Each structure stands twice: as C-alpha cells, then as structure tokens.
Amino acid sequence: MEVQQLQDVLFTTAAPDNNNISYRENLIGTLLAIFGHFVVSIALNLQKYSHVRLAGFKDSRSYFKTKTWWSGLFLMIIGEIMVFSSYAFAPLSLIVPLSAVSLIASSLIGIIFIKEKWKPKEFFRRYILSFVGCGLTIIGIYLLVTFGPNSHEKMTGDVIVKHLVSWPFLVYTLVEILVFCSLLYFYKQKNANYLIVILLLVALLDSTTVVAVKAVAGMIVVSIQGTMQLGYPIFYIMFVCMVATAIAQASYLSQASQLYDYALIASVNYILSTSIAICAGAIFYVDFLGEDVLHLCMFSLGCLLAFLGAFLITRTGKKKKTFEPYVTMSSLPGLQSMYDNGNAVQPEFGSFSYGALQNNDMSEMYSPATLPVVNEEASPAPPYKTLDHNKTE
C-alpha cells in the first residue's frame with residue numbers, strides 16, 4: 001500500500017514537470033522564430049535601402065563599401081540563426097506558420113519608410129487592407145501558439161532513422177516524388193510557366209528543407225547538451241538534403257520573380273509552403289499525436305486566419321506595369337500592313353532597319369527619283385506645256 005502511494009505521488013508530480021518543460025520549450029522556440037523572422041525582415045529592408053540609394057553609381061558593387069549593407073548582412077545572419085535554432089525546441093508544425101511575422105514586419109517597415117505625405121483619409125483608404133491583414137495574421141499567430149502541437153522528443157540519430165524508415169513517411173515521400181516529377185515535366189517540357197506550378201515545386205522542396213532543418217538543429221542541440229550526435233551518418237545526409245533543397249528553392253523563386261509580381265509570389269508561396277510543410281511535420285515527426293479535436297480545429301482556424309492576413313497584406317502592393325518596348329500591329333485597329341498577324345514591329349539585332357519591311361527592302365522604297373533627259377537638238381520644243389492663266393479663264 002505504501003509503495004502504491006509512493007508511485008502515485010511520483011507520477012503525479014512528474015507529469016506537471018514534463019508539461020512545464022514542454023511548454024517552456026514551445027515558448028523558447030516560438031520566441032526565437034518570431035524575433036528571428038522580424039530581424040531578417042529588418043535586415044532585408046536595410047540591404048534594399050542600400051541598393052536603392054546607390055542605384056545611380058557606375059560601380060554596381062559600391063554597396064559593399066557601405067555600413068548599411070553590412071549591418072543588414074549581420075542582422076540577417078543573426079535572424080537566420082535564431083530561426084534555425086527555433087526548430088530544435090518547438091514542433092515543426094508550430095514554427096513553420098510563424099514566417100508570417102516577416103510579412104507583417106515588411107508591411108509596417110514599408111509604411112514607415114514611405115516619404116510621400118498622405119492625408120489621413122487617403123492613408124487609411126490606401127492601407128486599410130494592410131492593417132486588416134496584419135490584425136488577422138496576429139490573431140492567427142496567437143491561435144497557432146495557443147493551440148499548437150505540444151509533442152517533444154530528443155532528436156537523436158536513432159530517432160531520426162526510426163522516423164525516416166516509418167511506412168507513413170515512405171508513402172508520403174513516394175507521393176511527393178511522383179508529384180514533383182510530374183510538375184517538373186510540365187514545367188520544363190510543356191512550358192507550363194504558371195505561378196501555381198512553380199510555387200508548388202518550391203513548396204515540395206521546402207517541406208523537405210524544414211524536415212531536414214529540424215533534424216540537423218535538434219541533433220546539434222542534443223550534442224551541445226552532452227550527447228554527441230555528429231557521428232551519425234544521418235546527420236550529414238540531412239545536412240546535404242537541407243542545403244540542396246534550399247538552393248533549388250532559391251532557383252525556382254528567382255525564375256518566378258522574373259515572370260510574376262513579388263507580392264503575389266510572397267502570399268501564394270507562404271500559403272502553399274506552410275500547408276505542405278505542416279503535413280510533412282505531422283507525418284514525419286508525428287506532431288499532432290494525442291491532440292484533441294478542439295486543439296486541431298483551433299490550430300486549423302489559426303492557419304486560415306494567417307493565410308487570409310498574408311493575402312490581404314500583399315494585396316496592398318502596387319502592381320507593376322509591364323513595359324512593352326515594341327508595338328504590335330494588332331493593337332492598332334483598322335491598320336492594314338504586310339504583317340497583319342500581330343507580330344512585333346521591332347529592329348533586328350545587328351541592323352539599323354526598323355518597321356515591318358521584308359528583307360530590308362530599303363532601296364526600293366527610298367530610291368532617288370530620276371527625271372527624263374531631253375536632247376535639245378532632237379526636240380526643240382520644251383518637254384512641258386506652258387499654261388496662260390488669264391482673268392477670263
């Protein structure tokens with residue numbers, strides 16, 4: 001009887017301690033992610049400010065000599081380290097949606113650094129969607145943090161291998177590879193340069209990146225705590241996957257930025273990448289194991305509010321007007337031309353001829369006019385007739 005009472009006391013005291021530790025780790029990871037994304041946003045805006053200020057200089061790399069650019073680089077490194085470390089403390093499904101903080105910070109910084117003076121009504125009308133989007137995103141983040149998953153396990157090499165060879169993740173990996181190859185085929189072979197196709201490729205790569213980031217960060221933290229994990233081959237496999245997929249993401253995002261507006265890319269990429277990454281975390285790390293229906297529903301509501309807020313924030317950006325250097329003949333109604341099929345009227349490279357002239361027939365159109373030469377001896381009469389204009393006529 002006394003032994004049973006002692007066990008009850010031990011288990012009842014140990015459970016609150018475990019819950020306190022898990023909530024504390026969640027809080028640490030959440031704060032690291034929020035402040036990390038905020039610092040990264042400030043760093044990017046500092047570097048952009050340096051580029052814009054030195055845009056007129058002949059030396060394209062003159063920004064390397066400015067303190068502003070180097071300050072931005074230093075802050076970016078600090079912010080990325082904070083975001084990287086956050087994956088070691090909190091569940092992946094909780095950390096990934098917090099990247100919306102960077103959208104909020106960029107929106108507020110952009111408004112603060114605007115040099116134009118607006119009247120209160122014009123300012124409110126112009127940025128109403130941005131303020132509503134920031135409010136919805138903040139509410140969504142609060143719901144995510146409050147009702148997010150609370151699963152924790154030490155990221156040792158054995159644990160990572162166990163998750164890696166589990167059948168749910170193997171099925172998920174197979175489906176992801178098939179979808180990625182199909183999208184890549186349509187994008188490369190069929191020239192399907194749609195935004196949704198490119199950003200789906202980015203989102204699938206991002207899900208692999210964040211899974212690898214959490215594994216690498218968790219194993220580093222466990223090694224710092226005293227249990228060395230850097231001797232496991234899985235650490236280096238995950239590190240290579242993290243770097244390779246991150247580089248591939250940057251390449252596809254660069255291609256998307258050349259075709260579409262940056263604001264649209266930011267919102268759609270956040271929605272797609274966050275959704276697929278949460279699914280990857282739920283399957284690989286079993287983040288939502290043991291969560292009740294209320295927490296799942298409120299977490300989903302928080303994601304939806306964050307998605308809607310991110311979409312509204314990016315809707316306030318000015319749409320870029322596409323520059324059309326050449327005129328199409330079909331754009332002028334009623335104009336008939338020898339190339340009346342909508343082709344562009346433009347100069348060929350290496351030539352000085354303009355317009356829609358076939359084979360550069362400049363000689364025929366601009367040949368000098370010649371008058372007939374009349375021999376005075378053969379024909380004494382003038383080659384033309386003189387008319388007398390009398391008043392009677």
Side-chain angles (χ1 to χ4, degrees), residues 22 24-47 71-106 141 144-145 148-149 151-157 159-160 163-164 202-232 234-251 253 266 269-270 273-274 276-278 280-281 284-285 287:
S22 62
R24 184 180 63 189
E25 290 182 351
N26 268 16
L27 180 61
I28 294 174
T30 300
L31 293 177
L32 283 174
I34 291 175
F35 284 107
H37 286 298
F38 184 76
V39 172
V40 168
S41 180
I42 294 176
L44 291 174
N45 280 276
L46 283 176
Q47 290 186 326
S71 300
L73 180 63
F74 178 72
L75 289 177
M76 182 182 294
I77 294 174
I78 294 178
E80 292 293 346
I81 292 175
M82 294 173 69
V83 175
F84 179 82
S85 303
S86 66
Y87 284 93
F89 294 95
L92 185 148
S93 301
L94 176 60
I95 296 299
V96 169
L98 297 180
S99 59
V101 174
S102 61
L103 295 176
I104 299 175
S106 297
I141 290 174
L144 290 171
V145 174
S151 60
H152 293 272
E153 59 180 347
K154 288 187 176 181
M155 291 292 104
T156 61
V159 171
I160 300 298
H163 289 306
L164 191 63
V202 174
L204 292 172
L205 290 170
D206 181 67
S207 64
T208 305
T209 303
V210 294
V211 168
V213 165
K214 182 171 178 59
V216 172
M219 294 178 73
I220 291 176
V221 170
V222 172
S223 300
I224 294 174
Q225 292 175 351
T227 306
M228 182 58 63
Q229 301 294 320
L230 303 184
Y232 286 89
I234 191 63
F235 174 82
Y236 301 98
I237 294 174
M238 287 294 184
F239 182 81
V240 171
C241 289
M242 177 184 69
V243 175
T245 52
I247 294 174
Q249 281 184 74
S251 175
L253 284 174
N269 182 52
Y270 171 72
S273 297
T274 302
I276 298 178
I278 290 175
F284 189 88
Y285 294 107
D287 286 342

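A quick note: this is a predicted structure, and the numbers were derived from the prediction, not measured. Sequential numbering from 1 along the given sequence is applied to the chain's residues.
- A donor-acceptor distance shorter than 3.5 angstrom exists from the side chain of Asn26 to the backbone of Pro149, with no hydrogens or angles considered.
- Under the side-chain hydrogen bond (donor to acceptor under 3.5 Å, both in side chains) criterion, Asp287 pairs with Ser93, not counting sequence neighbours.
- Looking at every heavy atom in both residues, Pro97 comes nearest to Tyr270 through O-OH, 2.8 Å.
- Taken from CD1 in Ile141 to CD1 in Ile34, the straight-line distance is 6.0 Å, to the nearest 0.5 Å.
- By the side chain to side chain contact (heavy atoms under 4.5 Å, CB included) test, Ser223 is found to be paired with Met228, Gln229, Leu230, residues two or more places apart in sequence or in another chain being considered.
- Val222 approaches Lys154 most closely through the heavy-atom pair CG2-CB, 4.4 Å.
- Summarising the geometry of Ala277 relative to Leu92, their closest heavy-atom pair is O-CD2, 3.3 Å, with the distance given to 0.1 Å.
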As a quick check of understanding, evaluate side-chain contact (heavy atoms from CB on, under 4.5 Å) for Leu94 and Thr30, giving each step before the final call. CA-CA 8 Å; Leu94 176 60; Thr30 300; 3.7 Å; yes
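- Here the CG-CZ distance, from Leu75 to Phe38, works out to 10.5 Å after rounding to the nearest 0.5 Å.
- For Ala266, the side chain to side chain contact (heavy atoms under 4.5 Å, CB included) partners at least two apart in sequence or on another chain are Leu103, Thr314.
- Judged as a side-chain hydrogen bond (donor to acceptor under 3.5 Å, both in side chains), the pairs with a partner in residues 208-218 (not counting sequence neighbours) are, in order, Glu176-Thr208, Thr209-Thr245, Thr209-Gln249.
- Listed by chain and residue number, nothing satisfies the side-chain hydrogen bond (donor to acceptor under 3.5 Å, both in side chains) test with Thr156 (two or more places apart in sequence, or in another chain).
- With sequence neighbours left out, Ser273 forms a side-chain hydrogen bond (donor to acceptor under 3.5 Å, both in side chains) with Asn269.
- Under the 4.5 Å side-chain criterion, counting only non-hydrogen atoms from C-beta, His163 is in contact with Glu153.
- Note that CD1 of Ile95 and CD1 of Ile278 are 11.5 Å apart. Values are rounded to the nearest 0.5 Å.
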List the atom pairs, with distances to 0.1 Å, where a side-chain N or O of residues 76-89 and a protein N or O form a donor-acceptor pair under 3.5 Å, not counting sequence neighbours.
residue : atom : partner : partner atom : Å
Ser85   : OG   : Ile81   : O            : 2.8
Ser86   : OG   : Val83   : O            : 2.5

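- Residue-environment remark: CZ (Phe74) stays at or below the threshold of 12 foreign heavy atoms within 6.0 Å.
- Taking all atoms of both residues into account, the shortest heavy-atom contact from Ala280 to Ser207 is CB-CB, 4.0 Å.
- How far CE of Met242 is from CD1 of Ile247: 10.0 Å, rounded to the nearest 0.5 Å.
- In this structure the side chain of Tyr285 reaches within 4.5 angstrom of the side chain of Val211, judged on heavy atoms.
- With hydrogens and angles ignored, the 3.5 Å screen pairs a side-chain donor or acceptor of Ser41 with a backbone N or O of Ser106.
- One distance of note links CD1 of Ile160 with OH of Tyr232; it measures 11.0 Å at 0.5 Å rounding.
- Between Val40 and Ser102 there is no side-chain heavy-atom pair separated by less than 4.5 Å.
- Rounded to the nearest 0.5 Å, atoms SG (Cys241) and CD1 (Ile234) are 8.0 Å apart.
- Heavy atoms of other residues, nucleotides or ligands lying less than 6.0 angstrom from CZ of Phe235 number more than 12.
- Residue Gly157 comes nearest to Met219 through the heavy atom pair CA-CE, 3.9 Å, listed as atom of the first residue, atom of the second, then distance.
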